[in-house]
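Below is one structure, written out as structure tokens, with a few remarks after it.
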Amino acid sequence: MALVVLAVVATVTVTSLLDNGSRGRTDTAGPASGAPAADRSPRTASGAPASPSPANAAPSPPATPPPAGSRTQPERSAPTKPAPAGYRTVVDREGFSLAVPQGYRRTADDQRVFYVSPDGAFRIGIKSTPPVAGGPPAAMKASDTAGPDTNPGYRDNTVVRTTHNGLPAALWEFTWNGFTAAEGPRHTFDLCWDENGGMYDVWVSAPVGRLGEARSHFDAALDSFVPPA
């Protein structure tokens, strides 16, 4: 009996010693207590997570269809005519186009658009207004009557009936002193005609000593002018 008791006591002692030893170590095969679980995503040789295969990738959302009845409008360009050598065709923000010499810059007031030479000597003007009773000849005659009030030294003035591209027109010419003494005497060619429900004026003002150039600029502007569609 004594031998049996001794054997039981020895067994309990050994088991207690083994249990106390295992609680004193951290398991290096798993994460430390409180650490997040290991990343189980497949990795490349560099250690970065591998990209998912196409079969596992999320499907792309379907393209949003255009609203019913909507239609894409093609871009429209303003009509133009070819420009002579030394000129360029401008499509003005007011909707018309014409040829002006290279280097001319645009200016405008509340009624007129100008393209002016770099030295300011030449001015190409464009104006659009509603048609008037009596047509272009009546409009030019009214401007001629007001000439002395609007153009200092107004003289050598004429208004003649003519046509432009087969349309009734009037040509007004005059000489004047210019707005300043430094500007000097100037001459103006101004053609007026009705087209597409509007009345158009195109003119050139230049020093009297450079009328050949002025006439060339005037002809180029008129030959290339296209009113708004």
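The structure presented is a predicted model; accordingly, all values stated were derived computationally and were not measured. Throughout, numbering of the chain's residues begins at 1 and tracks the sequence.
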Per the side chain to side chain contact (heavy atoms under 4.5 Å, CB included) rule, which among T162, V202, D201 passes with L191?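 Of the listed options, the one satisfying the test is T162.
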Passing candidate, side chain to side chain contact (heavy atoms under 4.5 Å, CB included) with R106, options V90, V113, I124: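 Filter result, single survivor: V113.
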Testing the basics here: between [X] and [Y], what is the closest heavy-atom pair and its distance to 0.1 Å?
| X | Y | answer |
| --- | --- | --- |
| W193 | A169 | CB-CB, 3.7 Å |
| R155 | G153 | NH1-O, 2.7 Å |
| P101 | R88 | O-NE, 4.4 Å |
| R186 | G178 | CD-CA, 4.1 Å |

Check: [Y] main-chain N/O paired with [X] side-chain donor or acceptor under 3.5 Å:
| X | Y | value |
| --- | --- | --- |
| R105 | S117 | yes |
| Q102 | Y87 | yes |
| T89 | K81 | yes |
| N151 | Y154 | no |

Should we count CZ of R161 as having more than 12 external heavy atoms under 6.0 Å?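 12 or below, so no.
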Side-chain donor-acceptor pairs of residues 222-229 under 3.5 Å, sequence neighbours excluded:
from : atom 1 : to   : atom 2 : distance (Å)
S224 : OG     : A99  : N      : 2.7
S224 : OG     : A220 : O      : 2.7
S224 : OG     : A221 : O      : 3.3

Given side chains that start at C-beta, do those of V160 and L171 come closer than 4.5 Å, heavy atoms only?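 Yes; the side chains approach each other to less than 4.5 Å.
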What is the ring orientation for [X] with [Y], classed by angle as parallel under 30°, tilted 30 to 60°, or perpendicular over 60°?
| X | Y | result |
| --- | --- | --- |
| W176 | F179 | perpendicular |
| H217 | F122 | perpendicular |
| H187 | F189 | perpendicular |

Salt-bridge contact D119-R210 (side-chain N to carboxylate O under 4.0 Å):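 A salt bridge is present here (some side-chain N lies under 4.0 Å from a carboxylate O).
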What pairs with Y200 under side chain to side chain donor-acceptor pair (under 3.5 Å), at least two apart in sequence or on another chain?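 Once residues adjacent in sequence are excluded, Y200 has no partner under the side chain to side chain donor-acceptor pair (under 3.5 Å) criterion.
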